[in-house]
Amino acid sequence: MKTVFALVDCNNFYASCEKLFRPDLRDTPVIVLSNNDGCVVARSREAKALGIKMGVPVHHIRSEIRLHGIHLFSSNYTLYGDLSRRVMTTLEALAPRVDVYSIDEAFLDLSGVERVVPLRDFGHQVKDIVVQNTGLPVCVGIAPTRTLAKLANYAAKKYRATEGVVDLTDTGRQRRLMALAPVDEVWGVGRKISAKLQAMGITTALKLADADPATLRKQFSVILERTIRELNGIACIPWEDAPQPKKQIMCSRSFGSPVKALPDLEEAVVQFASRATEKLRKGGQYAGTLMVFFRTNSFRTELPQYSNSASVGLITPTQDSRVIVQQVLSLLRPMYRPGYGYAKAGVMLSDLVNKAIIQEDFFANPSPDQDDRAARLMSVMDEINRRSRTKVCSARQAGPAAYAMRKEHLSPAYTTDWRQLPGVT
DNA sequence: TCTGGGGTCCTAGGACCC
DNA sequence: TCTGGGGTCCTAGGACCC
């Protein structure tokens, strides 16, 4: 049986989520901003039509915002995460296998579907059911490999005549589309590689597909070789039988205003360490290495700059917030220098393992019994934090702090907080 | 152009071993 | 002080993705 992939991708996901609860903004250009309201991370169709570019700092487009009455939203990940789950649940009911690839897209296994219904028709069914269940518009790209499905999705978004669905299982259609697609639209070809390819005369997806994989592997890497094979219809990224466990967990933030004093910096990294460890426990994992970093604002070149990072390996991997917080603080303190305004800090947990393969530390103090008590304490803490708004946390995490993020245009938690349900008047 | 918070994978090069 | 060849492991950095 021929393998067939579909890539389902939400249109302007964050902007569509915001519009869902604001029908009054139906035809208004809308943009969603990154943390701290820094730059543009999503644009509605109308905003794209106005030429607002992805990633621009919001203060560069103040005049356009005023001129065209563009509506701003701070990012509301609680809302987007909840709506994403609804989309994915819908997709899981429609296909035997679903790979959630990011917050707004998923690969579906459509192998065998064409014996029952034409693939293009099935794509339209998927699209209609998702919009019916969630209110969110999606596009569907169908092809024999993930890389081609990505390209099909690009075409479905770009060309109106496709009505949001492109079936690229036919080789002739693949080549016609690839001849039109700039090489940087290929999945896996970013800014650097695209520039090098262009210099070699490889300007379209088709020229890349027809290039010699062995030669390009030598000049680039196996990843690009794989991309070439995928463009030629050879699937190189198979289905995973089990979801792959995380390899690292990161928690970092830019601060709303510069942080100068050690206690404030400590408070921030304690927060990050706690949040990262919570994610760790949610996945049932233990961290073997932790890293902390912080830095001044490198864009303010007129100001003195300082950044540093340090990591430590634990003898026994842990998921105990108290241990991780202690370690992070003892890494941070000797690195801290007064006299700088710090703009960002973060904590990373890595060398993650499951409990089953943990090597006990022969000389460690806590007996297995104490270890057990630590585990119970952590799970009680997590449970309380899930249920209540008053968070239980280590004494160092106070809030709202000096480094709080700017979020001046935040929409309500429409779907995850009873008190913020949208009203009908 | 430089703005955000996550992630993954690959490669080159150094340290170290025989 | 210089001379060989081969291997592994780890880390840092780069490139990509959303």
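Convention: sequence-line order gives letters A, B, ...; per-chain numbering from 1.
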Using OP1 and OP2 only, check whether a side-chain N or O of A:Ser298 sits under 4.0 Å from B:dC2. no
Rounded to the nearest angstrom, tell me the gap between atom [atom1] in [X] and atom [atom2] in [N].
X: A:Lys53; N: B:dC2; atom1: NZ; atom2: C1'; value: 16 Å
X: A:Gln248; N: B:dG6; atom1: CD; atom2: P; value: 11 Å
X: A:Met348; N: B:dG5; atom1: CE; atom2: P; value: 16 Å
X: A:Phe13; N: B:dG6; atom1: CZ; atom2: P; value: 18 Å

Quick test of your reading of the model: are A:Glu278 and A:Lys282 salt-bridged, counting only N-O distances below 4.0 Å? no
Before accepting this row, confirm whether a basic side-chain N of the pair A:Lys150/A:Glu230 lies closer than 4.0 Å to the acidic partner's carboxylate O. no
Considering only residues two or more places apart or on different chains, which pairs with a residue in [range] satisfy salt bridge (charged side-chain N to carboxylate O under 4.0 Å, His left out)?
range: residues 151-160 of chain A; value: A:Asp9-A:Lys157
range: residues 298-309 of chain A; value: A:Arg300-A:Glu302
range: residues 233-259 of chain A; value: none
range: residues 186-202 of chain A; value: none

Residue among A:Val165, A:Thr169, A:Val140 satisfying side chain to side chain contact (heavy atoms under 4.5 Å, CB included) with A:Arg120: A:Val165
Residue pairs passing the side chain to side chain donor-acceptor pair (under 3.5 Å) test where at least one lies in residues 175-184 of chain A, sequence neighbours excluded: A:Arg175-A:Asp210
For residues 184-206 of chain A, which residue pairs pass the ring pair (Phe, Tyr, Trp, His ring centres under 6.0 Å) check, not counting sequence neighbours? A:Tyr101-A:Trp187, A:Phe107-A:Trp187
For A:Phe5, which residues count as a ring pair (Phe, Tyr, Trp, His ring centres under 6.0 Å) partner, sequence neighbours excluded? A:Trp239
More 5' along DNA chain B: A:Lys344 or A:Arg217, using each one's nearest nucleotide? A:Lys344
When the nearest nucleotide of DNA chain B is assigned to A:Ile223 and to A:Cys251 on a heavy-atom basis, which residue is associated with the more 5' position? A:Cys251
Considering only heavy atoms, which members of residues 29-44 of chain A lie under 4.0 Å from some atom of DNA chain B? A:Ser34, A:Asn35, A:Cys39
Intermediate values then yes/no, side-chain hydrogen bond (donor to acceptor under 3.5 Å, both in side chains), A:Tyr80 and A:Glu18: CA-CA 9 Å; A:Tyr80 314 148; A:Glu18 297 292 353; 2.7 Å; yes
When you measure from every atom of DNA chain C, which of residues 65-94 of chain A have a heavy atom less than 4.0 Å away? none
Here the helical stems involving DNA chain C, each at least 3 consecutive Watson-Crick or G-U pairs closer than 3.5 Å, sorted by first residue number, are B:5-18 with C:5-18
Going by the rule salt bridge (Lys or Arg N to Asp or Glu O under 4.0 Å), which residues pair with A:Arg97 if we only count those two or more places apart in sequence or in a different chain? A:Asp109
C:dG4 versus B:dC17 - spacing of their C1' atoms, nearest Å: 15 Å
Sugar-phosphate only, base, or nothing, as touched by A:Lys247 at under 4.0 Å among non-hydrogen atoms: sugar-phosphate
Side chain to side chain, A:Ser321 and A:Arg281, heavy atoms closer than 4.5 Å: yes
With a sphere of 6.0 Å drawn around NZ of A:Lys279, does it hold more than 12 non-hydrogen atoms of other residues, nucleotides or ligands? yes
Mark up nucleotides 7-18 of chain C, 5' to 3', with B wherever a protein heavy atom is under 4.0 angstrom from a base atom, S wherever such an atom reaches only the sugar-phosphate, and - elsewhere. --------SSSS
